[in-house]
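Here's the structure, in structure tokens; my notes come after.
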Amino acid sequence: MKNLGTLFGYEMKKIWKRPMTWIAVLVFSAGFVYYSRIPFYNYGHTYTATLPDGTTISREFTAAEQDKFMIEAPRLLSGQPMDEAFFEKAEENIPAQLEDTDIENAEYRKRVSENREARDGYFFLVDPTYYGAYRLLGGKDRYLHRAEQIQQNIENSWGNYLTDEEIAYWVRMEEQIEQPYIYEPTDAPNRILDVLGNMGVFIPVLVALCVCDLFSQEKRARTYPQIFSSKEGRNCLYLAKILAGGVSSMLAAALAIEAVIAASLIWYGPWGWGAAIQLCAYVNSCSFPITAGQGILLLSALVLVYALLCGALISVVSMWSGSGVAALAVAAGCVGVQLLVVQTVGALGAFAALRPLLEAVFAFIPIGIVSISVLVDKRLTYFFGLQLNYVQAGFLLYLAVTAVLALVCWLGWRRQAVSGV
């Protein structure tokens with residue numbers, strides 16, 4: 001075992017000296033970074049506003065200027081408590097919403113359009129301060145009266161699919177969420193969460209491109225007789241290989257994650273990372289008492305553990321098949337099967353008898369658990385008597401599966417040692 005460090009370093013060099021490893025990491029990272037930009041759909045517009053003295057002002061904004069406004073304007077309120085006054089101020093200078101549904105549809109649409117023009121003109125040309133608060137008006141009750149809404153959820157929906165024990169667990173979690181919320185714009189963290197949630201689908205291919213030859217290269221080079229000439233040597237080499245494969249798998253995923261986070265921080269700064277995760281659009285029903293930044297770290301950790309599992313799976317295929325191509329095919333199959341499961345769940349979801357089974361399967365496959373949905377899922381599960389939420393269960397399950405795969409790979413290594421070829 002004294003040579004483990006030397007062998008581990010040698011295996012790491014073999015993996016990271018391959019051009020394919022760096023090409024895969026750079027291509028995947030570039031793709032995720034490209035996807036991490038906040039998707040605004042502006043095409044340029046002329047805004048008009050009427051001042052209190054009756055003066056009308058007008059100005060044309062380019063698409064780039066509109067994008068900049070939508071990013072920077074919400075920052076003006078950062079740090080403000082989201083109380084009644086916060087939302088009242090957002091409505092103060094906004095034209096009243098139309099309630100008259102008896103007027104002709106064409107006239108109604110015209111007046112709604114005029115109302116929107118007046119609102120946007122005010123924010124863009126007069127005072128952008130409460131633009132961020134206005135964007136949250138649709139969820140005003142959710143932010144001001146969350147406890148009451150949770151109680152309604154318990155009475156109207158949670159009881160239909162959660163046990164009393166699960167409800168009690170999430171009520172305890174909800175009680176730890178600090179209120180009133182402190183406002184921060186969460187566009188950038190929300191986008192990162194979205195990217196990380198979709199990253200897990202493609203991790204098997206990224207990992208396979210990096211470590212598909214971890215064991216198969218020995219068979220191609222016909223070096224097994226030399227490797228297995230010493231029992232101690234082959235044990236140490238297996239450990240070095242499996243460690244190098246696991247570390248490299250996580251490192252490749254970590255580089256992609258770091259690229260996404262670094263790009264977001266460069267483009268948008270750290271705005272929103274300290275906000276309660278309930279301010280993020282996709283996970284506003286989350287009951288964890290955490291910040292958006294902590295949610296990003298949790299999801300990043302799940303992606304890394306999944307990358308470790310993928311590394312173990314690719315190692316097993318590489319070991320038993322002796323083919324890097326077969327390992328790549330299995331990785332591509334993992335992606336395809338997960339996408340097929342999503343389509344199947346959608347197609348068969350209408351059959352009530354199948355719904356519990358489909359939900360149970362979907363909950364623990366990577367596309368279900370290595371995603372932002374894991375932050376909002378209210379179900380609990382049990383492992384060896386431990387009550388776990390799905391984030392905890394994901395870590396434990398994937399680490400356990402990784403250990404089993406490493407054992408299967410070891411059995412293949414021993415089989416090669418016996419045959420010597």
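Note: hydrogens, waters and symmetry copies are ignored here, and every other heavy atom, side chains too, is used. Please read these numbers as outputs of a predicted model, since none were measured by experiment.
Between Arg59 and Glu65 a salt bridge is recorded (basic side-chain N to carboxylate O distance below 4.0 Å). A salt bridge links Asp187 to Arg135: at least one charged side-chain nitrogen sits closer than 4.0 Å to a carboxylate oxygen. At a threshold of 4.0 Å, the pair Glu166-Lys378 does not count as salt-bridged, since none of the basic side-chain nitrogens sits closer than that to a carboxylate oxygen.
Summarising the geometry of Ile369 relative to Leu302, their closest heavy-atom pair is O-CD1, 3.7 Å, with the distance given to 0.1 Å. Closest heavy-atom contact between Ala327 and Ser318: CB-N, 4.5 Å. In terms of heavy atoms, Ala331 sits closest to Ile314 at CB-CD1, 4.0 Å. Of all heavy-atom pairs between Ser248 and Ile15, the closest is OG-CD1, 3.5 Å. Scanning all heavy atoms of the two residues, the minimum distance from Ala256 to Ser29 falls at CA-OG, 3.3 Å. When all heavy atoms of Gln278 and Cys286 are compared, the closest pair comes out as NE2-O, 2.9 Å.
Without hydrogens or angle criteria, Gln80 side chain to Leu77 main chain gives no donor-acceptor distance under 3.5 Å. Panel note: side chain Asp194, backbone Asn190; no donor-acceptor pair is recorded below 3.5 Å. Panel note: side chain Asp377, backbone Val374; no donor-acceptor pair is recorded below 3.5 Å. Side chain of Arg18 to main chain of Leu209: a donor-acceptor pair is present (N/O by atom type, distance under 3.5 Å, no hydrogens or angles). Judged purely by atom type and a 3.5 angstrom limit, Tyr268 uses its side chain to pair as donor or acceptor with the backbone of Ile38. Looking at Ser264, its side chain never comes within 3.5 Å of a backbone N or O of Val260 through a donor-acceptor pair. Using modelled atom types, one side-chain atom of Ser36 and one backbone atom of Val33 make a donor-acceptor pair closer than 3.5 Å.
For the pair Arg75 and Tyr183, the cation-pi criterion (under 6.0 Å, within 45° of the ring axis) is not fulfilled.
When the shell of 6.0 Å around OH of Tyr34 is examined, it contains 12 or fewer heavy atoms from other residues, nucleotides or ligands. Atom CG of Asn156 sits in a crowded spot, with more than 12 heavy atoms from other residues, nucleotides or ligands closer than 6.0 Å. The environment of Tyr169 atom OH is dense: over 12 non-hydrogen atoms of other residues, nucleotides or ligands sit within 6.0 angstrom. Environment of CH2 in Trp267: crowded, with over 12 heavy atoms of neighbouring residues, nucleotides or ligands closer than 6.0 Å. Counting non-hydrogen atoms of neighbouring residues, nucleotides and ligands closer than 6.0 angstrom, the CZ atom of Phe40 exceeds 12 such neighbours.
Two residues are said to be in side-chain contact when any heavy atoms from C-beta on lie closer than 4.5 Å; Val201 and Val335 meet this criterion. No side-chain heavy atom of Glu174 sits less than 4.5 Å from a side-chain heavy atom of Gln179. Side-chain atoms of Tyr282 and Thr186, non-hydrogen and from C-beta on, never get closer than 4.5 Å to each other. Counting heavy atoms from C-beta on, the side chains of Ile290 and Ile177 never come closer than 4.5 Å. Taking 4.5 Å as the limit, some side-chain heavy atom of Cys409 sits within range of a side-chain heavy atom of Tyr238. Side-chain atoms of Asn42 and Met70, non-hydrogen and from C-beta on, do get closer than 4.5 Å to each other. With contacts defined as side-chain heavy-atom distances shorter than 4.5 Å, the pair Tyr131/Pro74 qualifies. Side-chain contact between Ile372 and Val376 is absent, with no heavy atoms from C-beta onward closer than 4.5 Å.
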Requested in this report: Kindly determine whether Arg172 and Glu175 satisfy salt bridge (Lys or Arg N to Asp or Glu O under 4.0 Å), including the steps that lead there.
Outcome: CA-CA 5 Å; Arg172 291 196 300 271; Glu175 290 173 350; over 6 Å; no

Requested in this report: Evaluate side chain to side chain contact (heavy atoms under 4.5 Å, CB included) for Leu309 paired with Val305, printing each intermediate quantity in order.
Outcome: CA-CA 6 Å; Leu309 185 154; Val305 171; 5.9 Å; no

Report task. In sequence, state the C-alpha distance, the side-chain angles, and the governing distance for Phe86 and Tyr143, and then conclude on side chain to side chain contact (heavy atoms under 4.5 Å, CB included). Result -> CA-CA 11 Å; Phe86 177 88; Tyr143 298 120; over 6 Å; no

Requested in this report: Show your reasoning for whether side chain to side chain contact (heavy atoms under 4.5 Å, CB included) applies to Arg146 and Tyr181.
Outcome: CA-CA 10 Å; Arg146 185 176 179 91; Tyr181 295 108; 2.9 Å; yes

Report task. Check step by step if side chain to side chain contact (heavy atoms under 4.5 Å, CB included) holds for Tyr122 and Asp127. Result -> CA-CA 6 Å; Tyr122 172 80; Asp127 184 5; 3.6 Å; yes

Report task. Assess whether side-chain hydrogen bond (donor to acceptor under 3.5 Å, both in side chains) is satisfied between Glu184 and Ser78, documenting all intermediate values. Result -> CA-CA 5 Å; Glu184 282 191 53; Ser78 186; 4.5 Å; no

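A distance of 9.5 Å separates OG in Ser300 from CD in Glu258, rounded to the nearest 0.5 Å. To the nearest 0.5 Å, atom CG of residue Leu206 and atom SG of residue Cys310 are 9.0 Å apart. Taken to the nearest 0.5 Å, the OH atom of Tyr161 stands 8.5 Å off from the CZ atom of Arg379. Going from atom NE2 of His145 over to atom CD1 of Ile150 covers 14.0 Å, rounded to the nearest 0.5 Å. One distance of note links OG of Ser371 with CG of Leu196; it measures 11.0 Å at 0.5 Å rounding. Note that CG of Asp67 is 8.5 Å distant from CZ of Arg37, once rounded to the nearest 0.5 Å.
A centroid separation of 6.0 Å or more is found between the aromatic rings of Trp320 and Phe215. Within the 6.0 Å centre-distance limit, the rings of Tyr47 and His45 are counted as a close aromatic pair.
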Name the atoms and distances for all side-chain donor-acceptor pairs under 3.5 Å in residues 392-405, with sequence neighbours left out.
unit_1, atom_1, unit_2, atom_2, d
Gln392, OE1, Asn389, N, 3.1
Gln392, OE1, Asn389, ND2, 3.4
Tyr398, OH, Phe364, O, 2.9
Thr402, OG1, Tyr398, O, 2.7

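The only member of Glu148, Glu155, Gln149 that meets side-chain hydrogen bond (donor to acceptor under 3.5 Å, both in side chains) when paired with Gln151 is Glu155.
For the 3.5 Å distance criterion, the side chains of Tyr134 and Arg119 qualify, holding a donor opposite an acceptor.
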